[in-house]
Amino acid sequence: MSINYKTELNESQFQAVTYDQGPSLVIAGAGSGKTRVLTYKIAYLLENGYQPWSILALTFTNKAAREMKERIAKQVGTERARYLWMGTFHSIFSRILRAEATYIGFTSQFTIYDATDSKSMIRSIIKEMGLDEKTYKPGTVQSRISNAKNHLITPTGYAASREAYESDMAVRMPAIRDIYNRYWERCRQSNAMDFDDLLVYTYLLFRDFPEVLARYSEQFRYVLVDEYQDTNYAQHSIVLQLTKESQKVCVVGDDAQSIYSFRGANIDNILYFTKVYPNTQVFKLEQNYRSTQTIVRAANSLIEKNERQIRKEVFSEKEKGEPIGVFQAYSDVEEGEIVANKIAELRRKNGYEYADFAILYRTNAQSRIFEEALRKRTMPYKIYGGLSFYQRKEIKDAIAYFRLVVNPNDEEAFKRIINYPARGIGATTIGKITSAANDNEVSLWTVLCEPLKYGVNIAKSTHTKLQDFRMLVESFITDLSGKNAYELGTNIIRRTGIINDICSDNSPENLSRKENIEELVNGMNDFCALRLEEGNPNILLSDFLSEISLLTDEESGQTDDDAKVTLMTVHSAKGLEFKNVFVVGMEENLFPSSMAGDSPRAMEEERRLFYVAITRAEEHCFLSYAKTRFRYGKMEFGSPSRFLRDIDTHYLSLPHEERINRSVNERADHFRREIEGGFIRSTPPQLSSPSSYSTFQKSKDKEQIISPSLPRHLKRIPTTENENQPPVSSTPSTSHRNVRIGQIIEHERFGVGEVIKVDGIGDNAKATIHFKNAGNKQLLLRFARFKVIE
DNA sequence: CCGATACGCATTTTT
DNA sequence: TGCGTATCGG
């Protein structure tokens with residue numbers, strides 16, 4: 001299976017793939033085959049003497065890592081692909097940190113705090129310090145601390161930084177450095193790291209232990225980074241630590257799509273990459289394979305208005321395509337109707353599926369209007385961006401138990417479940433334990449085990465309750481290495497009374513909680529089963545935990561068979577493509593967001609965001625704005641976004657009576673005068689109501705919000721058998737004893753594949769199967785779930 | 001210890 | 001407007 005790089009890639013892709021003399025920067029315009037370059041480059045390296053484990057490929061999302069891995073597996077085979085170090089920054093670094101935990105004073109079982117955990121810990125610290133919560137808002141403090149960490153500033157560095165102090169003074173929060181310091185220590189005490197810590201500690205590990213750095217930088221002979229425009233200073237610095245010596249680094253990205261600065265991403269990393277690695281070879285991928293010429297040119301004319309960027313000339317050789325349609329609506333409601341009508345029209349005229357449409361907005365709050373418009377016309381849709389599965393209360397509760405069992409020092413988990421289900425341990429007791437723990441610089445769990453030793457003054461009955469709790473948790477700890485994740489997990493859910501609590505009555509919300517818990521349990525079963533199939537027994541609870549703590553992954557939009565219109569924010573649309581895209585709410589103070597204020601940098605980022613929105617479209621793109629809109633319960637007036645004027649009118653089809661380029665300012669002024677004069681305020685603006693509005697029958701909504709659930713790779717495709725899946729260990733699958741080479745089978749997870757090899761007999765029989773979509777896999781026949789189809 | 005009510009607040013969210 | 005948190009009363 002050899003790859004013909006010359007014919008399968010265009011010239012610039014080919015150059016980028018085959019260059020391995022030194023550092024390279026690949027500027028990949030929207031839709032220019034960025035992932036293609038990355039996967040081919042890795043395949044190329046593998047063909048040219050690099051071992052899989054000597055290649056490190058970093059991405060930002062699990063999804064990107066998974067997709068890339070699958071594509072590489074198809075090119076070079078699953079066996080070699082599986083030894084690649086490919087994953088998100090956070091997952092790769094957590095893997096390294098678990099292995100080297102003792103260097104930095106953690107154990108390899110450390111917990112990873114999500115944003116909620118860390119916010120909650122910050123909140124308690126603020127309270128304990130007696131600071132005013134109105135001034136010290138946990139969210140604000142958290143983001144300032146996060147910002148410090150993203151810049152690799154430790155509490156010591158922070159305390160010594162005059163700049164940090166002055167900045168804190170300016171917002172009247174001089175105590176932030178103390179909060180930061182305490183927060184840092186408390187996390188250590190809890191054997192826990194937040195997301196940012198995974199980067200900070202990796203950096204510190206490499207900085208303070210050169211022998212460790214040497215080990216890893218010698219192992220990773222080539223480092224590749226995807227979406228480099230989204231890296232923050234910490235990530236950039238770690239990549240530099242690893243590659244400073246070898247200079248074997250290839251970063252891929254598009255500065256025009258840098259839209260995550262609010263999370264610490266620094267566009268300068270990509271803009272000044274060539275300064276950091278002076279011998280960088282730059283490759284530009286400028287051919288767009290996704291969109292019509294009109295869409296590409298319109299997008300170019302927009303992004304041209306940004307100062308800070310790497311100049312490039314993206315072009316398309318697809319058909320010219322139609323101009324970008326601009327719609328004006330009188331109200332947000334009418335905007336919804338216009339979009340729904342247009343979808344209906346395009347479906348009628350061009351035969352599009354619902355799945356060919358996406359409605360993209362700047363803020364999640366805008367989704368409701370479109371939901372209602374689509375529902376009125378019984379058009380199916382799906383909305384992205386709710387709470388992820390792991391954010392749900394009942395799931396967090398269950399997982400808090402898992403966490404405490406794996407790492408008893410986990411303070412947040414402790415607080416969450418010490419009195420859930422209710423066991424008579426109230427706020428007072430927890431307060432006493434917390435302060436004793438702080439005074440003695442030990443964890444809450446340590447105090448709980450010996451309250452008297454740490455001078456906790458409690459009643460006898462409370463003492464008994466605490467010890468009962470301790471024994472309960474300890475009994476699970478005993479089983480940690482003896483039972484697999486699924487067995488121990490179900491055990492915990494049953495014996496702690498979680499199940500009881502949820503089944504106490506049949507209220508609808510309890511029913512849904514129950515379903516969620518069931519899904520979690522099934523997920524754990526599948527998690528173990530999948531690994532067992534691959535010949536990996538003894539999957540422990542800690543394995544499950546460390547896998548899921550870095551997943552936000554929602555049931556991703558792969559379900560292309562169900563035809564639904566997609567509704568999402570522009571941010572979440574990055575990386576996706578749709579035949580028809582509506583970018584809605586194109587108004588001043590909305591898109592661009594009012595938060596951008598007068599900061600040129602922020603405004604440029606808003607413009608890039610708009611660039612991302614437009615470049616999602618393959619065939620048609622539409623922009624719309626409303627003159628009035630309900631916000632925060634009030635009617636607001638808006639004027640068309642300045643970005644509409646950034647696009648060359650040549651590529652636009654403007655509403656008849658509007659000629660934006662000429663009259664936007666005038667009209668905005670006119671509007672303002674009307675408002676300021678109180679002319680309009682007294683009479684609420686007429687909501688236009690097109691004929692279609694009221695004549696449509698209300699119909700029962702068949703649409704559903706996509707409720708994010710277990711990540712796909714933990715999940716088994718539902719079987720026809722009912723939900724009572726027996727535990728893994730007792731499910732020898734029937735009748736696959738004698739598969740033969742050449743047979744076609746269908747696996748529940750991997751899909752259709754052909755048996756190409758069978759080794760061993762009886763319980764140890766192992767088949768190598770070539771899956772159409774998942775490449776080659778070795779499966780233990782004893783556990784594999786599939787059926788023979790031919 | 002839970003429920004009702006009040007208050008305040010409000011982009012975007014890869015991990 | 002509408003949600004999440006804070007506080008008080010039974």
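By convention in this document, chain letters (A, B, ...) are assigned in the order of the sequence lines, proteins followed by strands, and residues within each chain are numbered from 1. From a predicted model like this one, the values you see are computed outputs, not experimental measurements.
Looking at heavy-atom distances under 4.0 Å, A:Asp114 makes no contact with the nucleic acid at all. Residue contacts shown for A:Arg423 are absent, as no nucleic acid heavy atom lies under 4.0 Å away. A:Gln235 comes within 4.0 angstrom of no nucleic acid atom, judged by non-hydrogen atoms across all strands. Using a 4.0 Å heavy-atom criterion, one finds that A:Asp196 contacts no nucleic acid atom at all. Backbone-only contact: A:Thr569 has heavy atoms under 4.0 Å from sugar-phosphate atoms and none from a base. Nucleic acid contact class of A:Ser594 (heavy atoms, under 4.0 Å, all strands): none. Within 4.0 Å of A:Tyr260, counting heavy atoms only, lies at least one base atom of the nucleic acid. Contact annotation for A:Gly424: backbone-only contact, meaning every heavy-atom pair under 4.0 Å involves sugar-phosphate atoms and none involves a base.
Considering only side-chain N and O atoms, A:Ser572 lies under 4.0 angstrom from the phosphate OP1 or OP2 of B:dT13. Look at A:Asn62 and you won't find any side-chain N or O under 4.0 angstrom from OP1 or OP2 of B:dT14. Residue A:Tyr632 places at least one side-chain N or O closer than 4.0 Å to OP1 or OP2 of B:dT11.
Between A:Lys134 and A:Ala265, the one whose closest nucleotide on DNA chain B sits nearer the 5' end is A:Lys134. Taking for each of A:Thr88 and A:Glu605 the nucleotide of DNA chain B with the nearest heavy atom, the 5'-most of the two is the partner of A:Glu605.
If you take CD1 of A:Ile92 and C1' of B:dT14, they are 15 Å apart, rounded to a whole angstrom. Separating the NZ atom of A:Lys137 from the C1' atom of B:dC9 is a distance of 9 Å, rounded to the nearest angstrom. Regarding A:Met568, its CE atom lies at a distance of 17 Å from the C1' atom of B:dT11, rounded to whole Å. Atom CD in A:Gln366 sits about 15 Å away from atom C1' in C:dT1, given to the nearest Å. Atom CZ of A:Arg629 is separated from atom C1' of B:dA10 by 15 Å (rounded to the nearest Å). When rounded to the nearest whole Å, the span between CZ of A:Arg631 and C1' of B:dA10 equals 9 Å. Computed from coordinates, the A:Tyr136 OH to B:dG8 P distance equals 20 Å when rounded to whole Å. The distance between atom CZ of A:Arg608 and atom C1' of B:dT11, rounded to the nearest whole Å, is 16 Å.
Cation-pi check for A:Lys393 over A:Tyr420 is met; the charged atom lies under 6.0 angstrom from the ring centroid and within 45 degrees of its normal.
For A:His571 and A:Tyr260, the gap between ring centers is short of 6.0 Å.
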If you look only at distance, which donor and acceptor atoms sit under 3.5 Å apart when one is on a side chain in residues 590-599 of chain A and the other is two or more places apart or in another chain?
unit_1, atom_1, unit_2, atom_2, d
A:Ser593, OG, A:Met595, N, 3.0
A:Ser599, OG, A:Arg601, N, 3.4
A:Ser599, OG, A:Ala602, N, 3.0

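Between C:dT5 and B:dT12, the distance separating the two C1' atoms is 23 Å to the nearest Å. For B:dT11 and C:dA6, the C1' atoms lie 25 Å apart once the distance is rounded to whole Å.
A side-chain hydrogen bond (donor to acceptor under 3.5 Å, both in side chains) with A:Lys149 holds for exactly one of A:Asp197, A:Asp196, A:Thr154; it is A:Asp197.
For the pair A:Arg642 and A:Asp646, the salt-bridge criterion is not met [side-chain N within less than 4.0 Å of a carboxylate O].
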